[in-house]
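Everything numeric in this text was worked out from a predicted model, so none of it was measured. Chain naming here is simple, since letters A, B, ... match the order of the sequence lines and numbering starts at 1 in each.
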Amino acid sequence: MMANVSAHDAPARPRAALSARGLSKSFGNFQAVKDVDIDIRHGRIHALIGPNGAGKSTVFNLLTKFLQPSAGKIMYGETDITRMDPAHVARLGVARSFQISATFGDMSLVDNVCVALQRPNGLAVQFWRPLSSLTRLRPRAMDLLDRVGLADMADHRAADLSYGRKRALEIATTLALDPRVLLLDEPLAGMGQEDVETMAGLIADVARDCAVLMVEHNISVVADIGHDITVLQRGEILSQGGYAKVSADPRVREAYMGTEDDD
Amino acid sequence: EPYRIGVLTDMSGMNYDLSGKGSEVAARMAVEDFGGTLLGEQIEVIVGDHQNKPDVGSTLARRWIDEQNVVAVVDLPTSSVALAVQEITRQSDTALLISTGGSSELTGASCSPSTAQWTWDTYALANGTGRAMTLEGDKTWFFLTVDYTFGNALEADTTAAVEAAGGTVVGSVTHPRETSDFSSYLLQAQGSGADVIALANASGDTMTALKQAEEFGVTALGQDIAGMLLFLTDVHGVGLDIAKNLTLTTAFYWDMNEETRAWSERFAERMDGKMPTMVHAGVYSAVSNYLKAAEKSGQAKSGTQVMDTMRDMDIDDFFNHNAYLRKDGRVVHDMYLVQVKTPEESKGPWDYYKVLRTIPGDEAFRPIEQSACPLLDR
Amino acid sequence: MIKAEDFETVAETTRPHRMQRIVVVALIAVLMVLPLWVYPVLLMKLMCFALFASAFNLLLGYGGLLSFGHAAFFGGAAYVTAHALKVWELTPELAILAGVVAALVLGLAIGLLAIRRQGIYFAMVTLALAQMFYFFCLQVPFTEGEDGIQGFSRGHLFGLIDLSDSTVLYYAVAAVFVASVFAIWRIVHSPYGMILQAIRENEQRAISLGYSVQRYKLGAFVMSAGFAGLAGGLKALLFQFATLTDVNWHMSGEVILMTLIGGIGSIAGPIVGAALVVSLQNYLATTGFPVTTALGATFILCVLLFRRGIVGELRHRLPAARSKK
Amino acid sequence: MTDVSALRREGRGPAQLKVRALEAWYGESQALYGVDLDVYPGETVTLLGRNGVGKTTTLRTLMGILRKRTGEIEFDERSILRLPLHRVAHAGMGFVPEERGIFASLTVEENLMLPPVVARSGKEMSLDEIYTLFPNLLDRRHSPGTKLSGGEQQMLAIARILRTGVSMILLDEPTEGLAPVIVNRIGEMLKSLKAHGLSVLLVEQNFRFAAKIADHFYVMDHGEMIDSFAVGELPAKREALNKALGV
Amino acid sequence: MTMIFGVPLMVLTGQMLIGLINGSFYALLSLGLAVIFGLLRVVNFAHGAFYMLGAFTAWMLGQYLGLGFWPSLVIAPLIVGCVGAVVERTMLRHLYELDHLYGLLFTFGLALLLEGSFQHVFGASGKPFSAPEALTGIVRTDFVIVPIYRSWVVVASLLICLGTWALIEKTKIGSYLRAATEDATLVQSFGVNVPLLLTLTYAFGCALAGIAGVLAAPIFQVSPTMGSNLIIIIFAVVVVGGMGSILGAIATGYLLGIVEGLTKVFYPEAANIVIFVLMAVVLLLRPAGLFGKEY
Ligand SMILES: Nc1ncnc2c1ncn2[C@@H]1O[C@H](COP(=O)(O)OP(=O)(O)OP(=O)(O)O)[C@@H](O)[C@H]1O
Ligand SMILES: Nc1ncnc2c1ncn2[C@@H]1O[C@H](COP(=O)(O)OP(=O)(O)OP(=O)(O)O)[C@@H](O)[C@H]1O
Ligand SMILES: CC(C)C[C@H](N)C(=O)O
Ligand SMILES: [Mg+2]
Ligand SMILES: [Mg+2]
């Protein structure tokens with residue numbers, strides 16, 4: 001099903017890092033996601049697009065186990081994670097961001113990143129240690145902040161950041177987990193044009209050594225850095241493949257991009 | 001620094017009417033009548049609200065004694081608080097004049113040399129009411145007992161009295177303080193088929209139970225009610241329609257003779273016309289006799305010494321004639337078996353009791369030989 | 001989630017400022033000499049409640065969980081401590097330890113059920129479960145019903161030091177108090193405390209970072225229960241009592257009030273609040289003004305006007321204190 | 001079709017809705033930075049702009065749902081800035097939210113009957129008229145509101161406001177997520193509303209749809225109005241628009 | 001005597017009836033709580049205090065104005081409702097934007113204030129209040145003894161519950177209420193005076209508590225603390241029923257009353273606890289409550 005056409009220097013198709021088969025979710029009688037198959041591959045950026053309410057965030061929540069699928073199967077490499085709890089999935093290396101930016105508002109930026117950094121090394125449960133035991137994480141945290149251009153604001157309160165910068169911080173925090181699969185829900189929403197470019201660059205950069213799934217309405221960015229595209233509509237896959245194929249699909253034009261010309 | 005008398009009572013809870021403000025007034029009257037000075041120092045009355053909580057009461061008492069030169073702690077409704085405070089007054093050797101607290105344990109196993117239990121105790125009630133009713137023909141008893149020192153003591157004492165008089169106890173249920181619905185307990189009591197349902201509880205609980213017993217037609221269906229502890233204010237509270245014909249034991253009734261009427265009217269004047277309960281009169285009597293004894297002993301600080309002085313005195317006033325203080329802390333005086341009037345018999349508010357019989361002190365209270373008080377060296 | 005505008009954030013006090021150290025040392029010194037002027041029993045009562053409020057605040061202020069059932073831990077531990085002193089005749093430190101262990105176990109049981117719900121539901125569930133415990137205490141014989149457990153002596157600390165002397169007891173209580181507040185401070189300002197704060201601020205995000213938030217919350221709940229138990233045990237030792245008052249839901253309400261008045265989410269807040277409420281109760285007990293009314297009015301005022309609490313307001317009003325870091 | 005906007009360009013007749021220097025905040029963060037806007041009686045005006053530029057915010061602020069706001073809002077030559085939210089409808093302004101706001105606990109008919117009639121200006125539609133306009137709703141009138149399809153819900157949301165007799169409707173993305181047929185139907189409906197004399201302030205991402213029904217356009221970016229033109233100027237604006245809207 | 005499971009039939013039916021009567025109060029009170037919570041998202045901790053206020057108002061109407069039970073049954077809840085309205089207007093409404101917990105804390109303070117003040121003014125011992133002449137006496141059959149007044153309470157509470165349910169589910173006001181629960185702002189934007197509606201709802205919920213109070217007055221003593229322990233049971237009822245569900249509140253109220261009654265027969269020691277045990281079980285199995293929606 002996947003088109004081999006890609007305008008970009010995509011790596012050869014590696015096996016899927018995260019994949020789902022027959023993924024479905026209903027809320028009461030309402031079926032938000034129907035029978036979705038998706039493969040997210042190492043080293044590639046997979047864009048998920050579709051009109052509002054198509055079920056993109058729901059797919060996200062299903063893949064990260066924030067929601068329990070009604071049917072279907074989710075594999076992380078060789079591991080079946082269909083029944084796992086979300087924190088566990090995250091510990092395996094599946095990191096996500098949220099559509100509505102999620103930071104720890106009352107903490108400084110560097111602390112925000114440290115929250116993520118201290119988990120793998122077991123510091124987080126040590127209620128008897130002073131906070132200074134975290135200082136050794138600081139260089140790495142600063143490094144990450146630097147990558148998203150926030151190093152000079154490291155000691156500001158996260159809540160005081162502008163919307164776009166919160167998104168950047170969220171990405172830095174997510175990267176701190178050293179994810180193997182990265183899921184970004186509208187990471188560029190609310191960012192100014194230059195920021196969009198830097199961030200798109202960063203995502204492309206990060207994607208070199210992990211698998212990325214992102215929801216994004218900014219079609220030009222998707223066209224720019226996306227390798228694979230899945231279009232959802234009313235919970236179902238409308239089209240899947242490279243940008244050229246998908247954007248040529250009349251149904252996609254109709255449902256999402258809009259018909260170019262009529263009467 | 002003036003000597004202070006601390007009235008430790010319930011100023012906000014369900015014992016407010018029967019003790020509370022009235023106890024304060026009675027204590028003040030006693031101090032005024034005594035002249036206001038003791039051994040050349042002013043006497044001051046201070047009041048504390050223990051909220052019926054042992055911890056609140058004991059903290060207050062401790063502070064009073066440690067910081068405010070309180071030489072006598074008075075009244076103590078709720079035996080659980082009284083027990084707690086008694087621990088403190090024992091340690092500091094302060095006089096403790098219990099009027100409302102009624103568990104016979106206060107002068108039994110937990111007795112203290114600086115305590116006088118002035119007005120009544122559970123033994124006296126049990127012996128008065130329990131005995132009388134059993135002899136009248138109420139042979140089988142069922143208890144509704146409030147679940148703490150006082151209730152348990154009252155039930156135990158009554159059981160003993162009933163059995164001694166040839167009756168039997170067929171069952172009992174316990175309930176927590178301030179129960180609002182007795183219906184299921186009453187149902188059990190009705191189911192038991194006992195001749196009498198005995199209320200081994202106090203004030204609010206007793207009133208509620210009486211009302212609900214009426215509602216469930218307990219007496220109409222042929223069972224009797226025994227209000228083991230009923231104060232004048234309780235009768236006032238439920239009304240004669242419900243309380244009529246109940247038999248009860250009391251240490252005092254305002255309308256017995258000239259003396260009691262005279263004092264009670266003075267009291268009522270200060271209390272918006274409310275007549276005193278037995279514990280109000282008891283507080284007055286206790287405070288005035290304490291002051292006499294303290295004056296006589298020449299010092300007020302040692303509760304034990306004052307009490308010892310009092311033990312040698314004749315206690316005699318409108319409240320009790322020919323009474324005396326025992327080694328275990330019990331003040332022995334006459335008690336009265338009374339019956340509540342019917343609405344027709346009553347001539348107006350507060351005209352509630354007819355006295356059936358005077359129970360002489362030595363018959364009313366637990367004989368000293370039977371006392372479990374460790375102070376009695378035997 | 002409840003939130004004072006001025007949470008002391010973890011970072012803000014990462015390294016105690018020299019000034020702060022001096023203040024703390026000075027305060028401890030004052031604590032040492034205070035019984036010369038103030039009635040020691042009152043001071044000890046105050047410390048018990050300050051510790052109780054601090055324990056509660058560990059959960060609310062730093063974990064963002066409003067428990068309406070903390071009386072269960074406070075009172076439960078008081079019962080166990082009293083029982084241990086009276087019936088098992090343990091030494092005071094072991095008796096208190098028994099109380100704390102009981103509180104921890106109870107905290108685990110109630111916590112496991114309660115953390116299934118959040119926000120108001122959490123508050124209501126803890127309230128109801130604590131009330132269930134209250135009725136349990138009312139029924140079982142070992143608590144001695146409405147009388148409570150009373151009539152035991154304080155015993156000898158480590159079997160050696162006689163605690164019946166209030167002054168000796170005072171220093172023992174003060175030591176435990178200072179150590180516990182320090183321990184709470186340490187927990188709050190530890191890596192664990194930081195995660196707790198993160199969870200409070202954004203639970204979903206914390207999950208997505210791989211934290212099993214339920215466990216962290218449960219951990220905070222149990223620790224808080226443990227400290228509340230310690231406070232309860234101390235109180236039982238101090239007054240030689242354990243009564244139903246301590247497990248009643250009014251007690252849970254009072255500890256909330258103390259924390260709210262003092263200021264949620266700071267170390268000093270609950271201590272100040274407890275001091276104020278206890279002194280107020282103490283004062284009102286002899287004035288005839290109804291205590292409950294006063295507490296209720298204070299509650300309403302706090303919620304409507306001073307949600308930051310005293311310490312929070314101070315910190316808000318004195319920007320100098322904030323910017324000194 | 002251009003008469004009205006022609007009138008307006010010549011500055012004749014008062015605007016029904018006149019907005020000047022409108023600023024608005026979500027908590028601490030500012031969302032609108034000085035919006036100016038006019039809607040003349042009987043006109044259909046469309047607000048264009050990318051995602052997140054503040055179109056919805058503009059409508060919510062005009063309606064008074066977002067209350068942290070400054071500037072001027074005059075409706076029928078009367079300032080409505082201080083009006084409590086529930087008085088705004090009575091002044092004659094109705095709002096159809098982006099997420100439609102159909103109530104799950106009410107049936108279709110209950111949903112329809114929910115908003116009180118605010119004016120008997122002759123512009124209000126009777127239930128019969130509404131069912132004639134939207135036969136689908138008649139069939140489903142007893143089923144719970146949210147069991148309707150997306151398109152039907154959108155119809156219901158609009159119909160609900162038509163019953164009340166308001167003279168202006170603020171309509172947020174009525175075609176979002178709808179199938180083309182339904183989009184067409186809604187287009188027809190909007191035209192018939194215009195025939196009824198209603199003014200409409202429309203937010204729409206679907207530019208082609210808007211182009212067919214609007215008299216006048218405003219373009220937003222970052223909480224500001226960056227352009228405004230009548231439908232006649234459309235061809236000339238195509239290029240600039242494509243850039244601004246990122247289509 | 002007929003025995004069932006080793007229990008005399010009379011006791012069994014009697015206790016069940018008593019359970020039903022208690023259940024009536026649970027249902028009435030949790031209904032009011034659910035109405036208030038449903039729309040205002042405020043857990044009305046003062047509900048018990050308003051219940052007490054209802055009883056006291058009835059008592060005062062009798063004491064000072066000489067009004068009987070029947071007029072009081074109408075007037076007292078109205079007065080309680082007005083008090084509720086004032087509280088909502090002047091204080092409670094400033095808390096809506098904050099975390100719901102502040103509403104809980106505020107009403108907790110209010111409960112303390114009301115109960116403390118009444119206790120101070122009227123004393124804690126409770127005031128007598130008699131049932132109307134027409135309803136005194138008992139019904140006695142072979143398997144049950146029940147006071148007429150109490151049976152009347154069951155009927156009255158059922159009627160009120162059904163009436164409220166009908167009001168909310170079947171009328172225009174009800175449709176505003178239900179809609180406002182889902183999206184208050186939108187309803188207000190339609191021109192409905194939602195702030196007024198909120199005030200009325202709170203007042204109505206409080207009035208329901210007031211009615212329960214008047215109904216309770218002849219059964220229990222009219223005392224300042226009569227509501228303070230009840231409120232926690234009501235909380236448990238509401239948690240079991242599912243927050244905000246009207247039907248859930250009513251059904252669970254009666255259900256738990258009966259369960260409690262049965263427990264008194266078979267295992268009296270657990271009678272006080274059984275509701276909370278049930279709550280714990282429900283929490284484990286269905287965290288959203290029996291009638292609540294999963295979130
Ligand atoms: N918890 C829920 N309960 C009920 N319905 C839900 C829930 N979450 C999402 N939905 C519904 O599922 C559908 C898909 O929602 P989702 O958030 O996945 O859309 P989306 O594609 O991410 O849209 P957007 O671009 O607006 O973010 C929507 O109709 C939404 O209303
Ligand atoms: N409730 C809110 N709180 C804080 N910020 C908000 C809120 N709602 C919207 N915003 C922000 O305000 C800005 C404008 O949002 P608005 O919803 O008005 O955009 P829009 O132009 O309608 O976009 P769309 O086409 O996606 O509907 C966005 O940056 C958004 O993130
Ligand atoms: C008046 C009473 C409440 C006395 C109390 N029952 C006691 O414990 O003695
Ligand atoms: Mg989404
Ligand atoms: Mg929008």
**Neighbour count above 12 (heavy atom, 6.0 Å) for A:R140 CZ** = yes
**Fill in**
Rounded to the nearest 0.5 angstrom, the CG-CZ distance for C:L209 and A:R96 is 11.0 Å
**Message:** Are there over 12 heavy-atom neighbours, none belonging to A:R91, within less than 6.0 Å of that residue's CZ?
**Reply:** yes
**Prompt:** Do you know which two heavy atoms are closest between C:Y211 and A:A87, and how far apart they sit?
**Reply:** O-CB, 3.3 Å
**Complete:** Taking every heavy atom of A:F104 against every heavy atom of C:N202, the minimum-distance pair comes out as CE2-O, 3.5 Å
**Asked** Does a side-chain heavy-atom distance below 4.5 Å link C:I195 with A:V115?
**Response** yes
**Asked** Of all heavy-atom pairs between C:S208 and A:A90, which one has the smallest distance, and what is that distance?
**Response** O-CB, 3.3 Å
**Request:** Indicate yes or no for a side-chain donor-acceptor contact from C:R205 to the backbone of A:E170 under 3.5 Å, with no hydrogens or angles considered.
**Result:** yes
**Message:** Using heavy-atom distances under 4.5 Å, tell me whether C:Q204 contacts chain A through its side chain, its backbone, both, or neither.
**Reply:** both
**Message:** Has C:E201 got a side-chain atom pairing as donor or acceptor with A:D106's backbone, closer than 3.5 angstrom?
**Reply:** yes
